[in-house]
Asker: 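Once you've had a glance at the structure underneath, I'll fire off some questions.
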Number of protein chains: 2
Amino acid sequence: MKKKSIKDIAQDLGLSKTTVSFVLNNKGDEKNISSKTQKRVLDYIREVNYQPNQIAKSLKKGNTNTIGYLVPDISNPFFAKIGRLLEDHFWEKGYHLLIGSTDENKDKEEQVLNMFVNRQVDALIVASCFIQGDSIKSLLAANFPLVFFDREDPDVEANYILVENKISMKNAVEKSIQNGARKLGLISLTPDVYSLKNRIEGYKMALINKDIGFDQDLIRIVDNNDLKQGTERELRKLIELGVDTIVFTNNQIAVIAIWLMNTFYKDKVNSIKFVSFDNVDQFDYSLPKVISVAQPIDKIAKYSTEIIEDILNSKKSENKRIELTPKLIERK
Amino acid sequence: MKKKSIKDIAQDLGLSKTTVSFVLNNKGDEKNISSKTQKRVLDYIREVNYQPNQIAKSLKKGNTNTIGYLVPDISNPFFAKIGRLLEDHFWEKGYHLLIGSTDENKDKEEQVLNMFVNRQVDALIVASCFIQGDSIKSLLAANFPLVFFDREDPDVEANYILVENKISMKNAVEKSIQNGARKLGLISLTPDVYSLKNRIEGYKMALINKDIGFDQDLIRIVDNNDLKQGTERELRKLIELGVDTIVFTNNQIAVIAIWLMNTFYKDKVNSIKFVSFDNVDQFDYSLPKVISVAQPIDKIAKYSTEIIEDILNSKKSENKRIELTPKLIERK
DNA sequence: TAATTTTACTAAATCGGTTTACTAAATCGG
DNA sequence: CCGATTTAGTAAACCGATTTAGTAAAATTA
């Protein structure tokens with residue numbers, strides 16, 4: 001038995017599509033459809049388990065009840081968890097998540113954004129690697145509902161949900177210095193995006209502030225395309241240089257480094273300390289000990305949802321820039 | 001400037017929609033559109049950056065180039081990683097992923113499936129908590145392209161990508177007995193699905209096989225809705241009962257248990273050993289030591305993709321049941 | 001009772017594409 | 001040079017919903 005369309009329903013009941021559509025959309029009373037007819041329709045659609053074709057609906061209405069979620073890597077726990085929270089929030093409002101990972105690749109990002117737009121997503125939640133890209137520019141120009149999180153480009157006016165990158169990193173690093181750190185190296189992904197730049201800034205500020213002074217040679221950059229090998233190389237370098245503490249600007253590299261330490265530098269897992277932006281569960285019980293800056297994942301998701309909903313309900317407001325305060329987690 | 005439709009393009013160029021559509025779909029030659037006209041169209045769409053409306057396309061063609069990915073929790077690394085691999089595989093073929101998490105809840109699963117179907121996803125990849133649900137039944141009856149993974153219901157004929165649950169668990173447990181385990185407890189989610197049942201079976205087989213015999217009291221079940229507290233309670237119980245090894249039927253509970261051990265039973269992290277189905281990175285360096293059964297995530301994704309693609313290209317084949325061999329990972 | 005309003009419902013346009021069935025003009029074969 | 005074929009294109013139907021603009025009959029009002 002093929003799926004019934006509104007036309008079939010109408011035919012079966014000897015009514016017009018219009019009438020059926022009105023009833024289905026709860027406009028029966030408003031449109032003066034007799035309650036007898038309404039009941040007839042409702043009973044019948046229940047009987048045949050009528051399911052409206054959302055595609056047709058979307059075409060006519062111009063909206064799809066879909067939100068595009070664009071991140072560097074959906075399997076990164078940070079993005080996965082936010083994704084899950086977004087899914088839950090939006091589920092209640094009848095919106096669903098279409099996902100796309102970019103691997104920090106600008107071209108891929110362009111393509112995914114284009115795909116999202118062609119599929120008429122109603123809004124976008126984006127941790128972009130290149131906020132000045134063409135697609136993003138034209139979306140912003142067109143006032144498309146769009147929220148950036150995690151990454152910022154101060155030259156671009158938009159909705160941002162961020163955390164206090166600089167000050168939090170500064171606090172974390174200062175804490176580790178209070179705990180005895182004296183020679184602190186840093187490993188970061190290429191700081192294409194301001195968030196990472198600011199985290200590195202925070203690291204520098206802490207060192208200067210605490211009269212340690214910073215050494216450019218202790219700041220090591222790992223290319224996105226060469227994560228594992230790059231991290232291994234830079235970690236080795238820093239260990240050779242005799243650091244007692246290593247600072248990471250995001251969870252991804254920190255997790256790899258923990259694995260490397262436990263695999264190749266087992267003798268040093270107690271002497272070397274880590275500081276990391278982002279928090280992952282395993283920091284709680286892994287070595288080296290990690291001081292981490294935990295981003296308020298639930299708030300990030302909550303505010304993203306709220307801003308998007310406000311826009312969609314066309315309480316069209318000014319661009320918002322929300323800066324959340326992360327939690328400093330020190331272990332033992 | 002509003003987005004141009006095919007109608008606009010046609011009007012601007014003094015052509016018919018048909019002609020433009022033919023050119024856009026590379027049917028220019030086949031449909032005898034002169035190369036001059038073809039060039040004119042192609043140049044113009046480039047100039048105005050024409051983007052086809054995928055919704056309209058979908059409505060007419062009856063397919064959306066979307067795959068529904070339904071799992072208990074997209075933020076579980078196991079499902080997140082498979083999701084990522086699927087995303088990559090399908091990206092190349094022009095398909096995209098719509099996601100839905102069920103939290104092992106049958107009603108939610110029904111609803112998400114309905115949503116997927118109404119949105120006309122072209123196929124589904126599902127780790128279902130209830131393979132006998134109404135939606136699934138009608139999808140199967142309608143021969144909808146559908147692959148189950150991770151979970152099985154032997155009463156339901158369908159495509160399955162599974163791993164050898166029983167034998168792998170048996171091997172893992174036997175290995176731990178060889179290493180000295182004598183009193184082995186087990187903690188599992190409610191074994192609603194056969195995969196979990198089989199893993200528990202494997203555990204029992206190993207015990208019997210190695211002449212330890214199993215004690216029903218050492219098999220502890222945690223409710224899905226009460227994961228953290230439940231695991232804490234059952235872990236405490238097993239420790240009180242004096243087990244030297246705890247077996248987990250999936251990563252979720254194992255990870256929680258590691259945290260609990262490091263937080264509340266620090267003195268026992270070396271004396272108690274873990275065995276876990278599923279592998280997560282942190283097992284490599286966390287305590288208690290874990291013998292884990294690593295599911296071949298890449299193969300799961302690869303075969304799912306292949307089966308779906310075969311069906312979509314209507315090399316409509318018989319239902320397949322693929323059982324993959326996991327890798328036993330023993331540490332130190 | 002005639003004019004007006006309300007009730008109950010429908011025909012047709014629309015969203016933006018694809019596809020079928022057609023036509024007029026140009027070219028070809030004999 | 002005439003009929004057949006090819007070339008180059010178009011009009012209109014269609015996918016499945018929503019929505020606008022309407023109509024005929026019944027009820028109300030003056």
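A, B, ... follow the sequence lines: proteins, then strands. Residue 1 opens every chain.
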Asker: Within the structure shown, what part of the strands sits under 4.0 Å from Gly28(A) by heavy-atom distance: base, sugar-phosphate, or nothing?
Answerer: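 The answer is nothing, as Gly28(A) stays clear of every strand by at least 4.0 Å.
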Asker: Can you confirm whether Ile300(B) sits close enough to Phe78(B) that some side-chain heavy atom of one is under 4.5 Å from a side-chain heavy atom of the other?
Answerer: yes
Asker: Below 4.0 angstrom from OP1 or OP2 of dG9(D), is there any side-chain N or O of Thr19(B)?
Answerer: no
Asker: Below the 4.0 Å mark, does dG9(D) have OP1 or OP2 next to a side-chain nitrogen or oxygen of Ser34(B)?
Answerer: yes
Asker: Nearest-Å distance, CD (Gln38(A)) to C1' (dC9(C))?
Answerer: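 Whole-Å distance recorded here is 12 Å.
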Asker: With heavy atoms under 4.0 Å as the rule, sort Thr37(A) into base, sugar-phosphate or nothing.
Answerer: sugar-phosphate
Asker: Tell me: CG of Asn32(B) to C1' of dC22(C), nearest whole Å?
Answerer: 14 Å
Asker: Would you kindly check if the NZ (Lys) or CZ (Arg) of Lys106(B) is within the cone defined by 45 degrees around the ring axis of Phe130(B) and under 6.0 Å from the six-membered ring centre?
Answerer: yes
Asker: Could you state the CG-C1' distance from Asn65(B) to dG17(C), rounded to the nearest angstrom?
Answerer: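 It works out to 14 Å between those atoms.
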Asker: Looking at dT1(C), which nucleotide sits across from it as a Watson-Crick or G-U wobble partner, both distances under 3.5 angstrom, or is there none?
Answerer: dA30(D)
Asker: Calculate the interatomic distance between Glu30(A) atom CD and dT7(C) atom C1'; express it in whole Å.
Answerer: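 Roughly 14 Å, once rounded to whole Å.
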Asker: With both distances under 3.5 Å as the test, what is the Watson-Crick or G-U wobble partner of dT20(D)?
Answerer: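 Partner of dT20(D): dA11(C).
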Asker: Check whether NZ of the Lys or CZ of the Arg Lys4(A) lies under 6.0 Å from the centre of the six-membered ring of Tyr50(A) and within 45 degrees of that ring's axis.
Answerer: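 Not satisfied by the 6.0 Å and 45° rule.
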Asker: Provide the closest heavy-atom pair for Thr64(B) versus Ser58(B) in the form atom of the first, atom of the second, distance.
Answerer: CA-OG, 3.5 Å
Asker: To the nearest Å, how far apart are Leu13(A) CG and dT10(C) P?
Answerer: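 It is 10 Å, rounded to the nearest whole Å.
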Asker: Reading nucleotides 11-21 of chain D from the 5' end, what letters show protein touch, with B for base, S for backbone sugar-phosphate only, - for no heavy atom under 4.0 Å?
Answerer: BB-BBBBBBB-
Asker: Checking base pairs now: Watson-Crick or wobble, both atom distances under 3.5 Å. What partners dG30(C)?
Answerer: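 Across any shown strand, dG30(C) pairs with dC1(D).
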Asker: What is the distance, to the nearest angstrom, from the CD atom on Gln11(B) to the C1' atom on dG16(C)?
Answerer: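 Rounded to whole Å, this separation is 13 Å.
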Asker: Calculate the interatomic distance between Ile33(A) atom CD1 and dT6(C) atom C1'; express it in whole Å.
Answerer: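 Spelled out: CD1 on Ile33(A) to C1' on dT6(C) is 13 Å.
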Asker: Hey, are the side chains of Ile131(B) and Tyr160(B) touching, using non-hydrogen atoms and a 4.5 Å cut-off?
Answerer: yes
Asker: In this structure, are over 12 heavy atoms from other groups packed under 6.0 Å from Lys108(A) atom NZ?
Answerer: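 Counting neighbours around NZ of Lys108(A), more than 12 heavy atoms of other residues, nucleotides or ligands fall under 6.0 Å, so yes.
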Asker: Have Gln51(B) and Asn114(A) got a donor and an acceptor in their side chains that come within less than 3.5 Å?
Answerer: yes
